[in-house]
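Just below is one structure, and these are the notes that go with it.
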Amino acid sequence: MIEWKDKRDFWIIGAKVVDPEAGKVRAGSILIQKGLVTDIVWQKSVETDLPVLDASGYYLSPGFIDIHTHLREPGYEEKETVETGTAAAAAGGFTSVVSMANTDPVADEPSVIEFILSRAEAAGKCRVYPVAAVTKGLKGEQLNEYYFLKKAGAVALSDDGNYILNSQVMRNAFEYAGYHDLTIISHCEDPFLTEYSLMNESFSSTRLGMRGAPAASEEIAIARDIALAQLTGSRLHIAHVSTQGGVELIKAAKKKGIPVTAEVTPHHLTLDETMLDSYDSNLKVNPPLRSKKDISALRQALKDGIIDCIATDHAPHNEIDKQVEFDRAPSGMIGFETAFAQLNTELVASGVIELVNLVRFMTVEPARILGLPGGKLEKEAPADLVLFDPFEEWTLKKRMIRSKSKNTPLIGKSFTGKVAGTFLGGRWIPND
Amino acid sequence: MNPVQFNRKDLITLEELSPEEIGLILDTADSFKEISERPIKKVPALRGVTVANLFFEPSTRTRISFELAEKRLSADTVSFSTSTSSVVKGETLRDTAQNIQAMKVDVVVLRHSSSGAHRFLSRFLEASIINAGDGQHEHPTQALLDMMTLRQRLGSLEGKKITIIGDIMHSRVARSNIWGLTKMGAKVTVCGPPTMMPTEIEKLGVGGVNVELDIRKAVAEADAINILRIQLERQKLHLFPSLQEYFEVFGVRPDVLDYAPPHCIVMHPGPMNRGVEIDQDVADGERAVILRQVTNGVAVRMAVLFLIAGGKVEDSSIQ
């Protein structure tokens, strides 16, 4: 447990410092002055007259960055607000999150972007970078004003949740987004193939009597968007890849030098379709939980750099909406507060990937994809850092969840690795 | 009497039942069959037990069958369907069921259009739940009455060949039959249009099923054929081009039955679309045991209610 009162200038000593860019974990000390990192020395302690925070026993790394989240404000404040969402993000070790555009009103006008930014500023728990919608009202028809939206603070474009069916509209969006140096984040799903679907199409869906979404629904959509990225030369980022076939398409595109990047969620890396035997609607997500074979392919793709980063797709839905028959429940699960712990438990502690790489997938890589600040250990950069203990054991209880919604299948699960808190511009935000 | 005990609170799937439990239900049903043939069709076995029939999906025969089974066992019953319940006012399934339970109901017989609705409700209800059909998942009492009929006509189920024809993908009757029959040692073949054949269906059941899309081959060795109802709205989803073509390719007609062994019987869970999945002459023909299935339905549901509500077959109250 870290006891700390904010100071203007101070050293953090004693921690193991994770440098995800260099791929190293070493004893180090970091000087923070006026909210900025001003010195990094690779020794356990320093001689100083300044106040010292002794973080012995903890790991210190750049704060986590999540480029796929739903903060639900404006419009769905009963599920989440910018305030509760960023508090949950901070508890999970995130210092920057990218919020998706499917709010009400949709983030397709500068005023909505400005509103979200002002709410984040007021909450002060985590930086928020809004995504603007590709098309007006997420309808897939009319392009939005990317110039004005970017000027207001939008960092990327996405109709997340809706695949833009008209390929000419998507082509124009790519051309225009490229001109404004904005990446399009695509939710790749052929909605005709997934109509009425509730889970992955497989033996499990046959057994459980639920309509399945075939992997082809994702592959078809990825293939078209890759073709358009190639045609236009504009950047494509593929959201929540969930299939082995999707991975293969991205691998081939990268080999050809097409500007494509991809993310994978913690749940698609750790949970599989056979868990749906319980018909627990907290396991209903889109894209659906896939097979064990897909999970292996996704893990390998992450290791091989085919998938670039991890993003939670934090999607709050309250209990009233979720506690219904499976086919009537909305899709999505929350992810901020369990992402690091779940992946540290399932991937690092079990030897699938190294800790420094997990941190890299949650810092440097997501920042690079959207050109966001942060994610690295840099002098003169804002002191956005996370302190965690990768060996601490803990169990998730419902009352611990800071997100306004509690829709996670992980309640009652035990994890190895816990976030102690974050520094946001040098200000300590404890997870206690 | 059978030494097997039935210690389950709910009957939600046949997948989770053991062959012994299925055998016990069928044996119990056999012993109850005679009650419906008495001049006074009533025994006091479930006197004092309250059963609520909650039908969140239209049903005529299953609901009437359950209601008759309950009345013949002297249970107190209440029934409702969506059109008369408060569900139309926006009340959730959980609230509706919990409210009914608050009135001290012992058994809930539930039909619902959502697969898994029973599993979901069982987390909140102390009352026993009997599945009268959930979405496209299971319809255990239908499969049990099919199996009871098969046992009457074929002796045992062990090694018998049963062919299920039609819309396998959307059929809870098919799934429950596959689990029940394969657990009892029967060999199941499924046949139907490829658009209605779910992914990896060959792995379903104990030891899997055969998939044979050619209806003549599918019936060639069948001891029994179970014909599934074609939901006419499936045509709108373009799962088959026309009812006429369906009847030509997958309809069970006298000329199709010519390929089946002479002893092969024909079943249908109803309601039938004559001239679509089943020919008029087949439906009314000598091989058909369709009305016998309906008769057996009452006995099977009496058995399930009786075993779930805690009765013993030696119980004098059924004499």
Side-chain angles (χ1 to χ4, degrees), chain A residues 191-217 243 245 272-284 288-294 317-331 398 406-407 409 411-412, chain B residues 12-16 56-57 87 90-98 110 112-124 131 133-139 168-176 178-179 190 196-205 208-209 211 233-234 236-239:
Chain A
F192 299 111
L193 277 173
T194 58
E195 197 175 15
Y196 308 121
S197 72
L198 302 170
M199 62 179 297
N200 185 40
E201 180 177 318
S202 64
F203 176 65
S204 287
S205 62
T206 292
R207 206 185 118 228
L208 296 173
M210 295 206 273
R211 190 165 176 86
S217 62
T243 60
D272 75 85
E273 60 189 357
T274 60
M275 300 176 78
L276 288 162
D277 279 20
S278 62
Y279 291 95
D280 177 359
S281 65
N282 285 326
L283 291 161
K284 185 176 175 186
L289 300 180
R290 304 279 187 188
S291 67
K292 292 193 169 83
K293 209 172 138 205
D294 290 307
H317 290 292
N318 59 33
E319 209 161 22
I320 299 168
D321 292 339
K322 273 286 191 181
Q323 220 168 65
V324 293
E325 301 87 308
F326 196 90
D327 58 351
R328 281 158 216 211
S331 294
K398 192 170 166 187
K406 320 294 175 192
N407 55 310
I411 291 168
Chain B
I12 296 178
T13 68
L14 289 192
E15 180 180 353
E16 64 199 332
F56 291 84
E57 204 184 49
V87 172
E91 190 175 56
T92 65
L93 173 61
R94 180 188 169 185
D95 283 339
T96 303
Q98 282 183 324
L110 176 69
H112 199 285
S113 62
S114 302
S115 298
H118 301 71
R119 196 71 75 206
F120 164 73
L121 258 199
S122 69
R123 279 184 240 145
F124 308 108
N131 185 357
D134 68 319
Q136 299 162 4
H137 180 219
E138 283 222 36
H139 191 353
I168 309 294
M169 182 186 277
H170 302 96
S171 176
R172 54 191 175 214
V173 175
R175 284 172 180 76
S176 282
I178 289 170
W179 281 113
V190 293
M196 294 175 164
M197 206 48 83
T199 308
E200 299 183 35
I201 182 70
E202 65 279 2
K203 284 159 63 179
L204 199 70
V209 300
V211 180
E233 60 270 23
R234 302 282 178 228
K236 295 189 200 110
L237 296 173
H238 309 291
L239 293 176

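Note on naming: letters A, B, ... go to the chains in the order of the sequence lines (proteins, then strands), and numbering restarts at 1 for each one. Bear in mind the structure is a predicted one, so any value in this text is a computation, not a measurement.
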> Can you say whether S202(A) sits under 4.5 Å from chain B via the side chain, the backbone, both, or neither, judging by heavy atoms?
Replying inline: backbone
>> With a 4.5 angstrom heavy-atom cut-off, is it the side chain or the backbone of E195(A) that approaches chain B, or both, or neither?
In response: neither
>> Within the 3.5 Å criterion, strictly below it, is a donor on S113(B) or E57(B) matched to an acceptor on the partner's side chain?
In response: no
> Judged by atom type as modelled, is there a donor-acceptor pair below 3.5 Å linking the side chain of K322(A) to the main-chain atoms of P330(A)?
Replying inline: yes
> When heavy-atom pairs shorter than 4.5 Å are enumerated against chain A, which of M169(B), E202(B), R175(B), R119(B) gives the highest number?
Replying inline: R175(B)
> If you count heavy-atom pairs under 4.5 Å between each of R123(B), K203(B), H137(B), R94(B) and chain A, which one has the most?
Replying inline: H137(B)
>> Suppose we screen for ring-ring contact (aromatic ring centres under 6.0 Å, His included). Which residues come up paired with F326(A), at least two apart in sequence or across chains?
In response: none
>> Does any backbone or side-chain atom of S278(A) lie under 4.5 Å from a heavy atom of chain B? Answer side chain, backbone, both or neither.
In response: backbone
> Measuring heavy-atom distances to chain A, does E138(B) have an atom under 4.5 Å in its side chain, in its backbone, in both, or in neither?
Replying inline: neither
> Listed by chain and number, what are the side chain to side chain contact (heavy atoms under 4.5 Å, CB included) partners of E325(A), not counting sequence neighbours?
Replying inline: D327(A), R328(A), L93(B), H112(B), S114(B), A117(B)
> At a heavy-atom separation under 4.5 Å, does F192(A) approach chain B through its side chain, its backbone, both, or neither?
Replying inline: neither
> So which part of T13(B) gets closer than 4.5 Å to some heavy atom of chain A, the side chain, the backbone, both or neither?
Replying inline: neither
> If every non-hydrogen atom of F203(A) is compared with every non-hydrogen atom of L204(B), which pair is closest and at what distance?
Replying inline: CE1-N, 3.5 Å
> Do P409(A) and M275(A) touch side chain to side chain, with heavy atoms closer than 4.5 Å?
Replying inline: no
